[in-house]
Amino acid sequence: MSTEETVDEVPCCGSHDEAQGTIQHDLAPQPLIVEEEVNNGEKKAKIAVVGCSHGEMDAIYETMALIEEKKGYKFDLLICCGDYQAVRNHGDLPHMSIPPKYRSLQTFYKYYSGEKKAPVLTLFIGGNHEASGFLCELPNGGWVAPNIFYMGFANCIQFAGLRIAGLSGIYSHGDVEFSHYERPAFAERDVKSAYHVRNVDMFRLRQLKAANNDKLSNPIDIMLSHDWPGGIPDFGDSAWLFKKKDLFEADHKSGKLGNPALMKLIYDCRPRYYLAAHLHIKFAALVPHKGSGSERPQPTRFLSLDKPIPGRQFMQALEINVASDAKMELSYDPEWLAILKNTDLLTTADKTKIVLPDRIGSVPCVYDRKDFRPTAEEMEEITKLGDLTIKTDTFKHTAPPLKEDTSEAKNVPPSAYYHNPQSAEFCQWLGIKDLNYLLVEKSSDYVGIPFYMMPDSGETEFKSNQDEVDFGEDDFIIDRGHGSEEPEAKKSRLEEEKKEEEEDRESEDVVALE
Ligand code: 5GP
Ligand code: MN
């Protein structure tokens, strides 16, 4: 293991002092990931990692502030490994797969509304408890609030020159071959399938593997998924793990624990770090790669963290060497952009099983090409895009932000689906299909006018005549079934009409009695 980098364990949520006494100290996997701290004078990116977030943004940032005080430095980045719960308002809650009694707004909405600002650049992937209607506005990722970036269904981006790849969702065998066809209003089961990982995304990620003659590099620095790669317990102290969580052993043995396709991704992309969550326990493992002696790539250091509740190990500080001129900001990864272009033919909003180009089996391959790793010419095309820094000012409110969590605020119908201007801009810039727009086009039902375009949002210049509103080249489809109203507006109008009818009836009764 290299001594260039340091990792520092943070035992629990610092905002709960009483939790200190409950820390478990029998963490057998620890030595696999803890390195000696080396002050070699090089520049380091200071990254805080959390397992599941469960909407606890306030507690997470408070914990980070405590660590910063203790260590005397500021974090450059926070990485959250799913179950993030980017809930904008009460209308997003029905789009989150969670029993109604556990539905809670949590704290993200304040960061969405602008009441609070994320104190550190925050990056996250989706898990199995998400505001899925919101996240499927951003299939290729984007800002969900100022300073908070969602990776999309799958992505590879760079931070300070570190290549960070991520896959959102969890594995479910029955849905893995499908396209991403789900959007609000979700048919009942679609709320679940919406967060199930897809082969098409894992296929795209596999294209990040090194050139065939490159047996030594680690092409990816950090890889993220919410659930674990199936088989990972074998590379750590599985006896310790199975003692802690007794059902895991049986599930592991029957191949049901985690995503069975992710070990292949680890071997293909050889990430230096692999970060995960979902199983609500801290666990570390070390996956070696092929080679002999020093002639082999660095092993993949796997770390999964817990959820942010008192006494649980949910946060870890990583310090990773970066170039002395590295900027602590996000940028698109040129190879990933080329992969997205190369695999654009696999993007569809129709509910269909996608036959992959590298599929081996009885289905005849319909593609001329199997390997979608970019050629030199394809990479050359990407250089023409110019500066790949991800702009930080492109966030716009699509669903209405919630200013105050009042009892009326709870009484809203499920959120509409919106064409997100960030998806439109990114896809137009790169020259790929806009899945968000394809999904909008499927039906005008439950498609809303984004909040930033509303006259009183103060976020854009409003033109008084709705028919003349220029929605840009892509145009927005608006639910005009009952005029050009939002579903929310539609509901309150219908309620008003019903009330008026009732009042009319009541006054008729009074007349009759008289
Ligand atoms: P979530 O917070 O996503 O609803 O649930 C995660 C919980 O489910 C954790 O307690 C985790 O241990 C458990 N879990 C998730 N996947 C598996 C699995 O494949 N086998 C077992 N036994 N438990 C699992
Ligand atoms: Mn989960």
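Just follow the structure's listing: the first ligand is 1, and inside any ligand the first atom is 1.
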Would you please classify the geometry between the Y84 ring and the F124 ring as parallel, tilted or perpendicular, with 30° and 60° separating the classes?
-> parallel
Protein contact to atom 4 (O) of ligand 1 [nearest heavy atom, distance to 0.1 Å] = H129 NE2, 2.5 Å
Starting from atom 10 (O) of ligand 1, find the nearest protein heavy-atom neighbour and note its residue, name and distance.
-> H280 ND1, 3.4 Å
Mind checking whether H278 and H280 have parallel, tilted or perpendicular rings, split at 30° and 60°?
-> perpendicular
Using the Mn ion (ligand 2) as the apex, give the angle to atoms ND1 (H278) and NE2 (H226), rounded to 10 degrees.
-> 90°
Specify the protein heavy atom at minimum distance from atom 20 (N) of ligand 1: its residue, its atom name, and the distance to 0.1 Å.
-> D251 OD2, 2.6 Å
Going by the atom numbers of ligand 1, which of them fall below 4.0 Å from some non-hydrogen atom of L247?
-> 22 (N)
Is the closest heavy atom of K245 to ligand 1 under 4.0 Å?
-> yes
Ligand 1 contact on D227 by region, counting heavy-atom pairs under 4.0 Å | neither
Should you measure from each heavy atom of H54, which atoms of ligand 1 turn up under 4.0 Å away?
-> 2 (O)
Flag L257 as yes when one of its N or O atoms lies below 3.5 Å from any N or O atom of ligand 1, and as no otherwise.
-> no
If the plane angle is over 60° it's perpendicular, under 30° parallel, otherwise tilted; pick one for H95 and F186.
-> perpendicular
If every non-hydrogen atom of L356 is compared with every non-hydrogen atom of V200, which pair is closest and at what distance?
-> CD2-CA, 4.0 Å
Taking the Mn ion (ligand 2) as the vertex, how big is the angle to OD1 in N128 and OD2 in D83, rounded to 10°?
-> 90°
Answer with yes or no whether the side chains of D58 and Y111 bring together a donor and an acceptor at under 3.5 Å.
-> yes
Pull out every atom of ligand 1 sitting under 4.0 Å from any heavy atom of K256, numbered as shown with elements.
-> 19 (O)
Under 4.0 Å between a Lys/Arg side-chain N and an Asp/Glu carboxylate O for R198 and E182?
-> yes
For F248, counting its heavy atoms only, list the atoms of ligand 1 lying under 4.0 Å from any of them.
-> 12 (O), 21 (C), 22 (N), 23 (N)
Could you tell me whether H278 and ligand 1 have an N or O pair separated by under 3.5 Å?
-> yes
Donor-acceptor contact present, side-chain R270 to main-chain S217, <3.5 Å | yes
Distance-only, no hydrogens or angles: does the K307 side chain make a donor-acceptor pair with backbone N or O of H54 under 3.5 Å?
-> no
Flag the pair D221 and R272 as a salt bridge only when some basic side-chain nitrogen lies within less than 4.0 angstrom of an acidic carboxylate oxygen.
-> yes
Charged N to carboxylate O below 4.0 Å: is that the case for D405 and K410?
-> yes
Look at atom 13 (C) of ligand 1 and say which protein heavy atom is nearest, naming residue and atom and giving the distance to 0.1 Å.
-> L279 CD2, 4.3 Å
List the closest protein heavy-atom neighbour of atom 3 (O) of ligand 1: residue, atom name, distance to the nearest 0.1 Å.
-> N128 ND2, 2.9 Å
